[in-house]
Structures are given as structure tokens and as C-alpha cells.
Amino acid sequence: MSKEHVTLGVQRESLLNNPLLQKSELGRPLRRCFTLPHDGFTYGKANEGKDSGAADALVWRSAPPAQLLYLKAKKAPRDFIGLNKAAVQAGLTTAQEHFQYRATHDMRRKDSGNEKTSLKVKRIPPTMVFGIPTKPSTPVYNLLGHKYQDVWLEERRKAEEATRARQEQKRHVDKTIYETRTSRLRKFQPPVDSAPLWHMPKFEKVPAYLSTFRSDKAKDAAFKHHATDSTSRQGAFGHGIYEPAKS
């Protein structure tokens with residue numbers, strides 16, 4: 001640049017590109033020797049899967065977000081059940097033949113109603129209130145007046161009256177309904193003899209006999225001793241312990 005074109009008070013092009021000579025403008029970012037986007041440009045990363053919020057409220061779009069376009073253009077998953085059915089109908093039975101059939105044929109699943117609703121963005125109603133509802137405060141009047149005690153006593157009184165009424169009803173039923181011979185015969189179950197114990201066939205006709213005394217004289221002496229000794233013992237047959245002396 002020649003000297004005749006230099007004017008005092010005007011910045012040259014070299015001064016504008018020198019970051020050491022630049023000063024920050026009020027309310028504007030400091031320039032770093034590279035061009036910035038226009039004033040209406042929005043910085044940051046777009047929210048994925050959302051089309052509502054503060055960022056979208058401040059930005060007016062004439063076209064839908066790119067994320068929604070991507071979701072609409074996404075292909076449906078492959079229908080392996082349909083491919084297996086078509087391969088069997090074509091006469092293919094082995095695993096290798098099925099693998100080759102899947103490599104050369106393609107079949108997509110049809111979207112159901114549930115899959116379409118899952119892609120929709122769920123919006124929170126504007127009247128929704130977050131948090132836990134406040135618990136009602138305990139009335140001081142009921143505490144000072146012992147209202148809770150009165151309510152508990154009233155419940156206990158009603159429960160006792162109901163129990164007493166049931167007992168009275170049972171007692172009344174027992175007095176009015178009595179057993180007759182017909183009702184007793186209707187409920188009577190004849191006793192059934194239990195099955196006899198097993199015996200060997202050769203001992204069925206032999207009567208049972210057991211003698212533990214050496215001789216008849218020893219037997220008579222034992223019974224005589226028991227008769228004289230049973231008077232001082234307890235029990236119906238005099239086999240118990242000795243009774244203490246009675247005055």
C-alpha cells in the first residue's frame with residue numbers, strides 16, 4: 001500500500017487481520033482471524049429424537065428435523081420367518097441351501113401398529129405437576145380432644161359386640177336344635193374291624209400258650225406274695241409305688 005492512500009483514523013487490512021491489535025467489541029465475540037457464520041446461525045448439537053423444548057421453541061424451522069427424516073427413511077428389519085417359509089416352499093431343506101436363499105432374496109417385515117406408535121415422540125402434558133403431593137397436616141384439635149382414642153374405643157366396642165352376637169347366635173342354635181334318634185343313626189358309622197395280623201399257616205391252629213414259671217409251686221408263691229404286698233401299693237391291681245403311711 002502506498003503512502004498517498006494511507007488515511008489517519010482508518011484501519012488498514014493488515015491491522016484487521018492482526019489479533020494482537022484487535023479489541024473486543026461490546027456484545028460480540030472476539031475475532032480470531034477466521035470468518036464466523038451469519039448472525040442467525042445456531043451453535044450446538046441438535047437433540048436426537050426430540051422435537052420440543054427450549055431450543056426448538058427459540059428456533060423456527062420450515063422443514064422437519066433431520067432425525068425424524070432418518071426415522072422415516074429407516075428400513076424395516078428382515079422377515080426371517082417369511083424367508084424360511086419361502087425357502088421350504090421352493091424345496092430347500094438343508095442349512096446351506098437356506099443360507100444361499102437368504103443371500104439372494106430379501107423380505108422385510110411389515111410395520112404393525114405398535115411399532116409405529118413407538119417412533120412417535122411422547123409429549124408431556126402442559127398441566128402435569130411433578131413431585132410428591134403434600135401430606136395433609138394432622139389437625140391439632142383432634143389431638144387435644146383425644147378424637148383418635150374415641151374412634152379406637154368405638155371400633156373395639158363394635159368388634160366386641162359383633163363377637164358377642166356370634167357367640168349368642170351359636171348358643172341359641174345349640175339350644176333349639178337337638179339330636180334325635182334318626183339324626184344320630186344318620187351320622188353313625190359302624191366300626192370296622194381292623195385286618196388281623198399275619199400268621200404263619202402252620203401256627204394258625206395252635207393255641208397261644210406261654211408259661212414263665214418254673215413250676216406250679218413257684219407260681220402259687222408268686223401270686224400269694226403279690227396278694228400280701230399289693231395292699232400297700234398304689235394302682236388298681238397293686239402294681240404301683242408304695243403309699244406313704246397315713247395317720
Legend entry - Where R78 and R108 come nearest, the two heavy atoms and their spacing: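 Smallest interatomic distance, heavy atoms only, reads CG-NH1, 3.2 Å.
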Legend entry - Least distance between heavy atoms, L83 atom then Y101 atom: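 Closest pair (atom of L83, atom of Y101, distance): O-CE2, 3.7 Å.
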[atom1]-[atom2] distance between [X] and [Y], expressed to the nearest 0.5 angstrom:
X    : Y    : atom1 : atom2 : value
K217 : D220 : NZ    : CG    : 10.0 Å
Q100 : Q96  : CD    : CD    : 5.0 Å
K187 : L185 : NZ    : CG    : 11.0 Å
R102 : L92  : CZ    : CG    : 11.0 Å

Tell me, yes or no, whether the heavy-atom count around [X] atom [atom1], taken from other residues, nucleotides or ligands under 6.0 Å, exceeds 12.
X    : atom1 : value
R157 : CZ    : yes
Y148 : OH    : yes
D106 : CG    : yes

Inset, instruction - Could you identify which residues cluster with I81, counting Ile, Leu, Val, Met, Phe, Trp and Tyr as linked when any side-chain heavy atoms lie under 4.5 Å apart, either directly or through a chain of such contacts? - result: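 Via sub-4.5 Å side-chain contacts, I81 links to none.
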Legend entry - Residues clustered with F223, ILVMFWY side-chain links under 4.5 angstrom: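 Reading the cluster by chain and number, F223 sits alongside F213.
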Legend entry - Carboxylate-amine/guanidinium contact D229 R233, below 4.0 Å: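 A salt bridge links D229 with R233.
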Inset, instruction - Using a strict cut-off of less than 4.0 Å between a Lys/Arg side-chain nitrogen and an Asp/Glu carboxylate oxygen, indicate whether R164 and E168 qualify as a salt bridge. - result: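 Result for this pair is no, no salt bridge flagged.
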Inset, instruction - Can you sort out the partners of F188 under side chain to side chain contact (heavy atoms under 4.5 Å, CB included), two or more places apart, ordered by chain and number? - result: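 By the side chain to side chain contact (heavy atoms under 4.5 Å, CB included) rule, F188 matches P190, P191.
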Inset, instruction - Mind telling me whether Y43 and F41 have parallel, tilted or perpendicular rings, with 30° and 60° as the class edges? - result: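 Rings of F41 and Y43: perpendicular, as their planes differ by over 60°.
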Inset, instruction - Keeping the roles fixed (side chain from H226, backbone from F237), state whether a donor-acceptor pair exists under 3.5 Å. - result: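 Yes, H226 side chain to F237 backbone: donor-acceptor pair under 3.5 Å.
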Inset, instruction - Check whether any side-chain N or O of H98 sits under 3.5 Å from a backbone N or O of N84 as a donor-acceptor pair, and report yes or no. - result: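 No: the side chain of H98 does not pair with the backbone of N84.
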